[in-house]
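Data block below; observations after.
The sequence lines fix the lettering, A, B, ..., with proteins before strands; numbering per chain opens at 1.
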Number of protein chains: 2
Amino acid sequence: MDERKKQILKAIVDDYVETAEPVGSKSLVERHQLKYSSATIRHEMAELEEMGYLEKPHTSAGRMPSDLGYRAYVDNMLSLPEISHKEAEGIRDFLLKNLDEARELIERAAEYLAGKTNYLSVALSPQYSDSSLEQIKIMMIEPGRAIVVLVLSAGVVHDRLIRIPAMIDEKQLSSIGRAVERCLAGKKLDDITLVTISSAAGETGLPEALDNQVLFEAYVAIKQTEKIEIFMDGRHHLLNQPEFRDLDRANRFYKAVHQEQMVAGYMMEMKQAQEEQLAQGCDWDLDCLEAVESEEESALSVRRTRPSYMVRIGQEIALEGMEDMSFITTTYRIGQKISGQIGVIGPKRMQYGKIISQISFVNKALMEAAGEHYGRQDQDSGMSGQEEKRTEGQS
Amino acid sequence: MDERKKQILKAIVDDYVETAEPVGSKSLVERHQLKYSSATIRHEMAELEEMGYLEKPHTSAGRMPSDLGYRAYVDNMLSLPEISHKEAEGIRDFLLKNLDEARELIERAAEYLAGKTNYLSVALSPQYSDSSLEQIKIMMIEPGRAIVVLVLSAGVVHDRLIRIPAMIDEKQLSSIGRAVERCLAGKKLDDITLVTISSAAGETGLPEALDNQVLFEAYVAIKQTEKIEIFMDGRHHLLNQPEFRDLDRANRFYKAVHQEQMVAGYMMEMKQAQEEQLAQGCDWDLDCLEAVESEEESALSVRRTRPSYMVRIGQEIALEGMEDMSFITTTYRIGQKISGQIGVIGPKRMQYGKIISQISFVNKALMEAAGEHYGRQDQDSGMSGQEEKRTEGQS
DNA sequence: TATTAGCACTCGACGCGCTCGAGTGCTAAT
DNA sequence: ATTAGCACTCGAGCGCGTCGAGTGCTAATA
């Protein structure tokens with residue numbers, strides 16, 4: 001694809017993104033002060049169409065980008081605007097002000113992203129499978145009930161209420177607790193199984209069946225930690241999109257969005273795909289090989305750093321009902337082992353550059369904030385003393 | 001309003017609810033085998049319109065119910081269908097199967113309700129302000145961090161991670177913990193203030209400033225407990241409603257729904273209103289005085305039991321963007337002191353009888369399930385032995 | 001007096017044909 | 001290789017007539 005075609009394709013995408021109307025050769029020349037006549041542009045457009053980058057809704061209409069066109073745009077002609085300093089200030093406050101629980105942090109990141117982009121934001125809670133268990137404490141609440149507190153590497157704390165046999169007393173419980181800790185401490189969550197944990201039985205002098213009941217509950221508590229939550233915000237924004245004038249479409253889409261587990265699964269798949277790409281050390285535009293046949297200008301590609309986001313466009317999204325959308329995600333990390341996903345779903349006709357900038361930015365801010373909140377000294381956190389500011393107002 | 005008018009109004013509401021089209025005199029006679037001619041019905045309809053129960057979209061169109069019409073329908077001509085036994089079985093399972101945290105219970109109730117009604121369901125987490133603190137434990141996690149575990153009356157457990165001065169050791173911490181418990185145990189959450197709690201300072205031998213820092217965090221943890229969460233499900237169902245053919249309407253509505261705090265606040269207001277009504281011991285149709293002028297047939301009213309649900313119709317809903325909807329809520333209770341709200345938002349053109357039945361039913365099931373889950377022996381719970389069934393499957 | 005048959009009238013929905021204009025592709029000239 | 005010119009396409013928008021389900025009113029009837 002020669003330079004002029006690129007320029008034209010970019011112009012078409014830009015216009016179409018803005019107006020949501022098929023763009024014609026004449027208006028394109030006008031709006032972009034191209035130094036060719038509309039007839040020439042028409043020629044080029046016809047070729048771009050043949051190559052698969054453009055589509056026409058009907059014979060005498062203007063062109064709009066195809067999935068492949070968007071793909072090429074995203075891979076080759078993206079410009080990522082800088083985020084202003086003012087905004088950078090704002091988000092930090094937004095994320096950390098009056099922050100209570102860790103889960104709220106990711107929730108807020110999603111909220112912020114939805115507000116900024118005016119699209120639907122989606123975030124997955126951190127995935128802990130790779131991190132290891134540092135402490136486990138079991139504490140009696142009253143006969144028959146106890147609370148399990150887990151401390152993971154990177155200082156993340158989880159807990160869960162469990163039922164225990166009523167005849168177990170506080171002493172016995174804490175001795176089970178110590179036994180469990182001894183046998184599991186340092187293990188990766190993934191590696192903890194019912195078998196591993198049951199080797200901690202037999203310390204209380206109680207029948208093993210009772211021990212095992214507690215151990216089982218502790219096990220469930222640990223596994224519970226690996227459960228992934230999904231947060232969404234900004235569903236309502238998409239209703240404003242002209243593509244959703246068509247209510248059937250909107251319906252299908254929102255039904256898809258309602259399948260939260262599906263969406264979460266798909267996001268993890270995207271993460272996976274991203275990691276594989278990274279592992280292969282391949283060129284950053286691997287996933288658009290079809291689009292870029294020419295190797296000669298890869299000089300330009302090489303200069304760019306590998307993007308840390310992942311874009312799925314239209315049909316590329318393997319989720320029923322999302323064929324008309326684009327899905328951009330990025331992976332956030334807390335410490336070495338813990339990671340999650342945050343992203344945005346919007347119409348294919350999306351301001352990719354702006355949105356990707358924002359996602360990347362929110363991602364960065366989220367990671368910093370997590371550092372401060374979960375934070376420990378051994379983390380990268382830039383915390384200045386341990387009294388973090390917290391305003392007094394409570395609801 | 002005479003019997004015939006009632007019958008006609010009921011018929012019109014029923015038809016309109018079903019078809020979403022203005023209903024005319026002729027089709028009304030046909031569909032309901034009324035023993036009057038369409039001319040007579042037209043007469044009555046004209047009068048009903050004059051009285052404010054009906055509206056016409058334009059001169060030559062059929063009638064549709066006004067807010068007042070719906071109000072009268074709900075207050076005077078509602079029939080609540082029974083819930084089938086099969087369904088009753090299903091919901092219990094749905095609520096309790098693989099249940100992990102308490103918050104998930106209410107979430108599931110909302111989910112179930114949305115699925116059954118095909119409307120938007122809304123639920124508020126339990127409000128604990130009236131319940132009292134039974135235990136409070138502070139447990140060290142690592143230097144600088146601790147976890148506060150609160151046990152409320154009715155056996156509800158909450159906890160929260162806090163930061164503490166790094167120089168406080170385990171012993172000192174638990175002595176602060178005991179002091180706090182001594183000074184707060186049995187107190188109503190509402191009555192606990194920073195002043196109350198700070199009287200527990202000075203037991204560790206540490207400078208009071210350090211004590212106070214921990215106490216403040218404990219205080220925040222307690223207040224945190226009173227925070228109300230809101231759960232919604234089934235937003236997408238409403239897009240299917242013909243009233244949302246009009247995208248502007250849909251937009252305004254979904255924007256309103258997005259203001260979750262507003263919705264939550266309004267639900268609490270509805271709860272308040274309901275309780276006041278109850279307290280006054282007034283007739284159940286107090287809130288529709290305008291609609292019912294005649295006193296003579298109040299015999300019928302008296303025979304009915306006071307409804308435990310609250311219905312707000314159209315303009316009655318004081319939330320910007322919800323003027324075209326109806327909002328039905330009911331209050332669930334856990335133990336004596338703890339209560340929350342669960343309800344449904346749908347179009348005014350709603351199958352009131354069916355929906356109210358379902359809400360009441362889900363409410364009942366939710367209360368039973370809560371009894372079992374939070375449950376204690378001193379509660380009403382019907383638990384048979386303490387091993388509740390829990391399937392092994394974990395994600 | 002309450003009910004009804006009859007009738008003129010209203011108004012939105014629908015289908016038809018027309019024009020308009022922004023778009024196209026093709027061809028021939030530069 | 002580029003462009004001016006031209007015939008063609010097709011959706012959007014508008015006006016118009018028809019159709020039918022609805023109305024209100026009036027006069028006749030039980």
Original post:
Does one side chain, of B:Arg312 or B:Tyr266, offer a donor that lies under 3.5 Å from an acceptor on the other?
Top reply: yes

Original post:
Do we see a donor-acceptor contact under 3.5 Å between the side chains of B:His32 and B:Asp14?
Top reply: no

Original post:
What is the distance from NZ of A:Lys35 to P of D:dT2, rounded to the nearest Å?
Top reply: 10 Å

Original post:
Would you call the rings of B:Tyr352 and B:Tyr70 parallel, tilted or perpendicular if under 30° counts as parallel and over 60° as perpendicular?
Top reply: tilted

Original post:
Can you tell me the Watson-Crick or wobble partner of C:dT30, both distances under 3.5 angstrom?
Top reply: D:dA1

Original post:
Is the shortest side-chain N/O distance from A:Ser60 to OP1 or OP2 of C:dG23 below 4.0 Å?
Top reply: no

Original post:
If we call it a pair only when both distances are under 3.5 Å in a Watson-Crick or G-U wobble match, what pairs with C:dT3?
Top reply: D:dA28

Original post:
Taking atom types as modelled and ignoring hydrogens, do the side chains of A:Asn240 and B:Asn251 form a donor-acceptor contact shorter than 3.5 angstrom?
Top reply: yes

**OP:** Provide the Watson-Crick or G-U wobble partner of D:dG13, both distances under 3.5 Å; none if there is no partner.
**Re:** C:dC18

**OP:** Respond yes when some side-chain nitrogen or oxygen of A:Arg63 is under 4.0 Å from OP1 or OP2 of C:dT24, and no when none is.
**Re:** yes

Original post:
Of the nucleotides D:dT3, C:dG25, C:dA5, which one has an atom closest to the side chain of B:Ala39?
Top reply: C:dA5

**OP:** Whole angstrom is fine here: how far is it from CD1 in B:Ile12 over to P in D:dG22?
**Re:** 12 Å

Subject >> From C:dT4, C:dG12, D:dG22, nucleotide with atom closest to B:His43 side chain >> reply: C:dT4

Subject >> Interatomic distance where OH belongs to A:Tyr36 and C1' belongs to D:dA1 [whole Å] >> reply: 10 Å

**OP:** Give the rounded distance in Å between these two atoms: CD1 of A:Ile8 and C1' of D:dT2.
**Re:** 13 Å

**OP:** Assess A:Arg4 against A:Tyr36: is NZ or CZ under 6.0 Å from the centre of the six-membered ring, and within 45 degrees of the ring's axis?
**Re:** yes

Original post:
Hey, does the side chain of B:Thr59 come within less than 4.0 Å of C:dT10's phosphate (OP1/OP2), counting only N and O?
Top reply: no

Original post:
Which one, C:dT10, D:dC10, D:dT23, comes nearest to the side chain of B:Lys56?
Top reply: D:dT23

Original post:
Can a side chain N or O of B:Arg42 be found less than 4.0 Å away from OP1 or OP2 on D:dC25?
Top reply: no

Original post:
Rounded to the nearest Å, what distance is computed from the CD atom of residue A:Glu44 to the P atom of nucleotide C:dT24?
Top reply: 14 Å

Original post:
Under 4.0 Å between a side-chain N/O of A:Ser25 and OP1 or OP2 of C:dT24, yes or no?
Top reply: yes

Subject >> Nearest to side-chain heavy atoms of A:Ser27, which nucleotide of C:dG23, C:dT3, C:dC11 >> reply: C:dG23

**OP:** Could you please spell out the steps behind the salt bridge (charged side-chain N to carboxylate O under 4.0 Å, His left out) verdict for B:Asp248 and B:Arg252?
**Re:** CA-CA 6 Å; B:Asp248 272 347; B:Arg252 283 184 50 241; over 6 Å; no

Subject >> Nucleotide C:dA22, atom C1' - distance to CE of A:Met45 in whole Å >> reply: 12 Å

**OP:** Take atom CG of A:Leu54 and atom P of C:dT24, then tell me their distance rounded to the nearest Å.
**Re:** 10 Å

Original post:
Contact class for A:Ser38 (heavy atom, under 4.0 Å): base, sugar-phosphate, or nothing?
Top reply: nothing

**OP:** State whether B:Arg4 places a side-chain N or O below 4.0 Å from either non-bridging phosphate oxygen (OP1 or OP2) of C:dT3.
**Re:** yes

Original post:
Does A:Ser37 place a side-chain N or O at less than 4.0 Å from the phosphate oxygens OP1/OP2 of D:dT2?
Top reply: no

Original post:
Could you give the CG-to-P distance, from B:Asp2 to C:dT1, as a whole number of Å?
Top reply: 17 Å

